[in-house]
Structure formats: C-alpha cells, structure tokens
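The structure displayed is predicted, hence computed values, not measured ones. Order of appearance sets the numbers: ligands from 1, and atoms from 1 within every ligand. The basis for the numbers below is simple: all heavy atoms, side chains too, and nothing from hydrogens, waters or symmetry mates.
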Amino acid sequence: MSIRYLSEYKLFKIDTVNTTYILSITDTEGFIGHVYYGKLISDDDVNYLLRTSYNKWLPSQLPSERNNFMDMFPFEFAGSNTGDFRESSIEIEDINGNRSVNFTYDRYEIIKEGFNRNHEDLMPSLYNKSETLVIFASDKVLGLNLKLYYSIFDKEDAIVRRSELINNSSTSIYLTKLLSMNLDIDNDDYDMITLHGNWGRERKIERYKINPGKHLVSSIRGRSSHQENPFTAIVQKNADQTKGDAYGFNLVYSGNFMSQVEVTQFGDLRFCMGINPKNFKFLLETNETFSSPEAVLVYSPNGIGGMSRVFHNLYRNHLIAPNFAYSKRPLLINNWEATYFDFDDEKIISIAKKAKEIGLDMLVLDDGWFGTRSDPNTSLGDWFVNESKLKGGLTSLVAKINEIDLDFGLWFEPEMVSPVSMLNSMHPDWAIKISDREPCLARNQMVLDLSNPEVREYIFDSIATILRSCNIKYIKWDMNRQLTDLSSSFLPKERMGELSHRYVLGVYEIQGKLLKEFPYLFIENCSSGGARFDPAMLYFSPQIWTSDDTEAIERLSIQEGTAICYPLSSISCHIAASPNHVVRRETPMNTRARVASFGVLGCELDITQLSSDDINLLKAELEDYNSISDLILKGDYYRISSFNENNTHDSWMIVSKDKREAVFTFVQVVARHNNREFRIRLNGLDPNCLYRIESELFSESMTLHGNVLMNAGIIIPYAGKDYVAYQFKIKAV
Ligand code: DGJ
C-alpha cells in the first residue's frame with residue numbers, strides 16, 4: 001500500500017492492498033496519461049500501455065497530426081477544444097470568449113495524511129486517508145493551475161480522486177465544467193450497472209451492454225435524485241456476485257451530477273464523473289480556487305459482491321462519523337404512516353407507551369408539529385411548535401417521552417418555505433424563483449435560497465434554538481422537492497450560474513454547523529424518500545431514509561440496489577402496516593420484519609391499533625433483530641439471490657468479519673407452480689469451519705461445514721404461498 005514515483009520508468013504507481021493505478025507523463029509535451037488500473041502488478045515499465053512509443057506519433061515527433069494524437073491519447077484529465085473530441089473534464093470561457101483549455105504536467109507531491117474530518121470544510125470528504133498524490137499541472141497560455149488528487153487508504157482497495165482549479169491569471173474566467181475525474185481504459189466488452197428509479201422505486205439495478213457512444217446518468221434536479229444515483233459500475237460481461245472484474249465509481253456529492261461511459265471511435269472507453277456542467281457557470285476571479293467533490297474508485301477482481309464489500313468497508317471506516325459508524329442505532333418508531341398530520345400530544349404519547357412496551361428506543365415526531373401545519377400546504381419555514389396540537393409545547397412532550405424512557409427525535413424540512421407561511425410573508429425574496437415568472441410549485445412549497453448567508457443563518461438558528469430547548473437526540477432532515485426557476489435575489493447576475501452548487505454547499509454548511517454544536521446529534525437524511533441517498537449525505541448522517549415505499553416486497557429491489565455500494569448500516573428500513581399504505585399489498589408481520597432487518601430497522605405504523613398476535617410477533621422480531629444488529633453494523637454483506645433477476649425469491653447473508661457467525665434471510669416472493677424446494681448455495685463462510693444452523697424451519701438445528709453450505713447448499717422447503725420469509729442463524733460450533 002503506497003504511492004510512489006518510479007523515476008526509472010517515469011511512472012506514478014498507486015498501490016492499494018490488492019490494486020494498482022498508474023499514470024505517467026509524456027517526455028517532451030508533459031501530457032498526463034493514464035496507464036493502468038486493475039489488479040496489483042509489479043514495479044515494471046508499463047509505459048508501453050500508452051502506445052506512444054510504437055509509431056512515433058507524439059506531437060513533438062509528428063506535429064502535423066497533433067489532432068489525431070489528442071483525440072486518442074488516454075488523458076488523465078481531459079481538456080477541451082484542443083483536439084480531444086471525447087467528453088472533457090474541464091471547460092472554461094476566458095475573458096476573450098475563447099473556450100480552449102488543456103493542462104500539462106509541472107510537478108508532484110506525495111502527502112502523508114491522517115485523521116481529517118472537519119465540519120467546517122464545505123465539501124464532505126473521506127477521512128483518515130493514508131497518502132495522497134497531488135499532480136500539479138497548468139495551462140501555460142491561460143495561467144490556470146490544476147491540481148489532481150489521488151488518495152489511498154490503509155486497508156481498503158479504493159482510491160479517491162478530486163480536482164481543483166486555481167485561477168492564477170490576471171483576469172477572471174468562467175469555469176463552466178470541472179469534473180472530479182475521467183478514466184481512459186481499454187474496453188473489454190464491458191457491461192454498465194446503474195441505479196435507476198423514481199419516487200417509491202429508488203435505485204433499481206440496471207445492467208446493460210456498453211455500446212459505442214455515450215451512456216449518461218445524471219441529475220439536474222438540485223439533489224442527487226430518485227431517478228439516477230451518483231453511482232456507476234463497469235463490469236466484465238461474465239462478472240457476477242463472486243467473479244469478474246468490477247470497477248465501481250461513486251460521487252461524494254448531493255446535487256447535480258453526471259456520470260458517463262463513452263465508447264470512442266476506436267472502441268476505447270472513457271469514464272467521467274463530477275458535478276453536472278448543466279446549470280453550472282462559476283465566475284473565478286484572479287487567485288480564486290474551485291474544488292470538485294471527491295469521486296470514489298473501487299476495483300475488484302471478485303465480482304460485484306467484492307466491489308460492494310469494499311465500498312461498505314470504506315464508508316464505515318472513512319466516511320460515516322466514527323462515533324456512529326459501528327455503534328448501536330436506536331430502534332425507533334416514526335409516527336408518519338401511523339398518523340400523517342392527524343395527531344396531538346395524547347396520540348403521540350399513546351404510541352410512545354406502546355413502543356416502550358415492545359422494546360423500542362426512540363420516538364420520532366414527523367411532519368406537522370409546527371406553525372399551523374395540518375396538511376402539506378402551509379408553514380414550512382415557521383419552526384415553532386403548534387401548541388394547539390402539542391399542548392405544553394415540545395419541552396413538555398419531550399419530557400413525557402423521556403419519562404417513558406424513550407429518546408426523542410424530530411422531523412424538519414429546513415430547506416423549504418411554504419407560500420403560506422410567516423417566513424414567506426416576512427422574506428418573500430428568500431425563495432428561489434424568478435420574480436416575473438409563476439413559480440413551479442411542488443407539494444405546494446418553494447426552496448429557500450441557500451446561497452444567501454442570511455437564509456442559512458435563519459435555518460441554523462431555527463433548528464439550534466429547538467435543539468437547545470429540549471432533549472432531542474435525533475433529527476430527520478427531509479427535502480421534498482426539486483429545484484426549479486433557478487434564480488437568487490442574493491447573487492449578482494454574473495454569479496447566477498453558481499446557485500445550484502452554492503445551494504448544495506449551503507446544505508453541507510448547516511448540517512456541519514449543527515454537528516459542531518451538537519456532536520451527539522444523530523441526523524437521518526431523507527428526501528421524498530430516498531432522493532438523496534449519496535455518500536456526501538453519509539458524511540453527515542450515519543443512515544438515510546431509503547424510500548417512501550415501505551412495502552416489504554417492493555423494498556427487496558430498492559434495498560438490493562442501495563446495498564450495491566452503501567453499507568447496510570446506512571439503509572433505514574421500517575416495518576409498516578399491512579395492507580401497505582403505498583401499494584396496498586398485504587404481507588405477514590414476519591416477512592415485513594425480516595425484510596426491514598436488511599438494514600437499520602425501525603417501525604412506522606400505528607402500533608396502538610395492532611392485534612395482540614401482531615404485537616407479540618413484532619416484539620419477538622424486534623428481539624431477534626437486536627440479536628443480529630451487531631452483524632448488520634459490522635459484518636460483510638453477500639447477495640445470494642435476487643428477486644429482481646429470478647422473479648421468485650430473494651436472499652442475502654451477513655457474515656461476521658471472523659466468519660464465526662452469519663445470518664441468512666430468504667424471501668419466497670412468488671409461490672412456484674411445481675411445489676419444488678429451493679436449493680441455495682451460501683457464501684462468505686469459512687469452508688473448513690463447522691457451523692450450527694438454526695431456523696424455525698428445522699425442528700432441530702443442523703451442523704454442516706462451510707464448504708458444504710457454500711458448494712452443496714441448503715434446501716429450503718416450498719412454502720406453498722407468496723411472501724414468506726425465513727431467517728437462518730449460523731454459528732461456528
Ligand atoms: C417525505 C418523507 O420521505 C416521509 O418519510 C415523511 O417524512 C414525509 N416527507 C413528511 O412530509
């Protein structure tokens with residue numbers, strides 16, 4: 001594990017435990033080229049991979065064909081308008097209206113890093129990097145400087161890249177695009193995997209062959225979005241959960257992004273990732289710097305499963321706050337699907353009492369406790385308690401909840417303002433809108449202009465005042481609409497193109513400030529369900545609300561997709577009512593609980609209305625969850641089968657790091673017409689270890705070796721009906 005400059009070969013070699021990434025500089029021109037990314041290789045001269053020596057076609061040798069060279073060379077960070085017609089990583093507009101930009105190498109630095117988690121940095125970033133390579137480059141004509149950062153970690157096979165542009169010229173420029181990275185690699189008949197969806201159907205895994213041309217996933221919605229996630233994988237055609245090359249990329253950013261795979265005219269592949277250049281135009285004055293968000297790169301030769309486990313370890317060890325990453329999460333009940341807006345203090349207290357009885361730890365009061373809000377049409381921005389609903393106010397309610405021996409959590413939607421609100425009547429200019437244009441409302445609300453420091457201060461003060469006034473351990477930070485009508489009454493017109501990015505920085509600033517004053521505070525981010533499930537949100541919140549679709553069967557593919565790169569301990573899953581409020585499907589309590597036990601479990605139903613049978617079942621399932629919650633927080637995830645692919649069943653395992661304990665969950669979604677049992681091969685166990693397997697399916701426990709469980713598999717009897725879930729606890733004997 002090291003970053004070195006191999007001077008004899010003029011190569012920068014970035015080795016993680018099992019992978020190597022190489023870049024190199026061409027002699028005369030100083031072009032920075034990509035050489036290799038894959039399995040760990042020896043310190044040999046692999047510059048031949050640049051293909052520059054074969055036919056003497058470098059511009060210094062063949063100036064008449066400079067354009068051909070520029071359009072073919074594997075640039076480590078592609079400029080624009082200088083002969084490379086593939087996707088660029090940077091675009092600018094200079095004082096004369098010209099748009100050419102290209103960088104050549106100046107020098108490098110290798111920095112030893114340590115723990116560095118600073119809430120005052122506006123851009124969330126992975127902490128405790130071991131080493132960072134900084135490549136300094138410049139556009140000598142424009143006087144612009146570029147820094148390319150490559151960081152590695154002690155134990156994880158991941159690289160984090162980002163870029164920084166410094167305007168060292170004497171005039172201002174417009175920066176119209178600055179991606180975090182591009183990667184030029186040879187094509188290997190790869191497939192592409194993306195996470196696609198919409199409200200209530202987030203992050204469904206899509207896999208497709210990469211054909212010539214550009215394949216773009218992106219968001220211009222002001223949030224990372226339900227529709228596409230800032231994650232892309234490029235995998236070998238034969239790659240599955242256990243084998244094959246898998247490259248995964250994830251952007252640490254919560255706003256507009258682009259992630260694109262391009263197959264060039266020569267069949268090579270260029271991958272790009274970063275802030276979406278659409279709706280982005282940044283004025284960079286002399287001496288000003290613009291920094292991109294970080295992009296995480298993972299290569300695994302062990303298939304998609306291998307790649308997922310690297311992401312999970314990386315995010316638990318280097319992204320989620322260390323005081324929460326591996327610590328027990330509160331088992332909470334949220335009143336949203338129990339009451340929606342229709343509650344008062346008595347109702348909330350009755351839910352809390354029942355919650356204590358069945359073993360929950362916390363009550364979270366959702367939307368509707370403030371202003372005059374009793375439907376989605378008013379009061380966002382008016383963050384003071386509605387005492388006609390909650391008599392005695394929040395302090396009294398929190399005290400009563402604490403007396404029941406439950407912790408208390410509270411919902412906010414801080415970034416919004418309702419047209420009908422005191423805030424909007426006092427500060428109509430604080431909403432993002434264009435003055436003479438009808439604002440495009442969504443859920444009857446508008447978005448606050450977080451580029452304006454006064455607005456950010458108002459939001460911070462509103463939340464902090466409440467947090468200072470009573471014992472609130474947790475907040476659910478919601479964000480329920482997309483950004484439209486991009487215009488700010490605060491920004492000057494030459495900076496209007498900065499709004500979308502400054503908005504995202506504003507979110508980070510407020511959450512960072514809150515965590516600084518209230519370091520114990522547990523934030524769960526949420527955005528109309530899971531429209532902001534991204535690594536940047538994980539920096540502030542150890543878990544994220546996954547989807548407003550709380551129905552167990554629908555959740556299977558949402559949770560499977562989410563876990564492709566996000567750890568199970570970040571995936572917030574609630575047991576909801578049956579029939580489910582979103583899709584009306586009826587499923588048994590056990591199935592709902594076991595599907596919610598995929599990640600961080602909570603409840604979101606009116607437990608005061610449950611039958612005593614259901615209460616007993618729920619109680620038992622919660623106890624069961626407590627017995628495996630440590631595995632979920634700390635273990636390794638193995639996807640065993642996918643309902644998304646086979647249309648009958650879904651299953652997964654979580655195995656402790658020492659492989660002495662595991663849990664296997666199997667959901668038979670659709671009853672099969674031939675009554676045949678399922679034979680399922682497990683994964684991740686120690687082949688030579690003898691395990692005891694317990695399940696409600698067996699009258700006595702079984703003991704089998706890991707190699708039998710993984711090669712021969714286990715038989716799961718046919719349930720004879722839909723929506724049945726079984727859980728198997730596996731322990732080394
Ligand atoms: C959207 C969230 O995803 C829900 O969980 C709930 O908090 C509602 N907003 C409340 O308005």
Looking only at heavy atoms, is any part of [X] under 4.0 Å from ligand 1, and if so is it the side chain, the backbone, or both, or is it neither?
| X | answer |
| --- | --- |
| E413 | neither |
| N480 | side chain |
| P376 | neither |
| R443 | side chain |

Y566 and N229: side chain donor to acceptor below 3.5 Å: yes
Students often mix this up, so state it plainly: with edges at 30° and 60°, are the rings of [X] and [Y] parallel, tilted or perpendicular?
| X | Y | result |
| --- | --- | --- |
| W369 | W383 | tilted |
| F341 | W336 | perpendicular |
| F522 | F324 | perpendicular |

Does any N/O atom on [X] come nearer than 3.5 Å to any N/O atom on ligand 1?
| X | result |
| --- | --- |
| R373 | no |
| G529 | yes |
| E604 | no |

Heavy-atom nearest neighbour in the protein, as seen from atom 11 (O) of ligand 1, with distance rounded to 0.1 Å: D367 OD2, 2.7 Å
Measure from NZ or CZ of R117 to the centre of the six-membered ring of Y539, then state whether that distance is under 6.0 Å and the direction lies within 45° of the axis.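 Positive - R117 is close enough to the ring of Y539 and near enough to its axis.
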Does NZ or CZ of K473 come closer than 6.0 Å to the centre of the six-membered ring of F408, within 45° of the ring's axis?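 Ring-cation test returns no.
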Does a salt bridge link E524 with K476, judged by any charged N lying under 4.0 Å from a carboxylate O?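 No, E524 and K476 are not salt-bridged.
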Indicate yes or no: does R639 engage D650 in a salt bridge with an N to O separation below 4.0 Å. yes
Going by heavy-atom distance to atom 9 (N) of ligand 1, choose the closest among V364, D549, T550, D478.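 Ranked by closest heavy atom to atom 9 (N) of ligand 1, first place is D478.
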Can you sort out which atoms of ligand 1 are near [X], meaning under 4.0 Å from one of its heavy atoms?
| X | answer |
| --- | --- |
| C526 | 2 (C), 3 (O) |
| W545 | 3 (O), 5 (O) |
| K476 | 4 (C), 5 (O), 6 (C), 7 (O) |

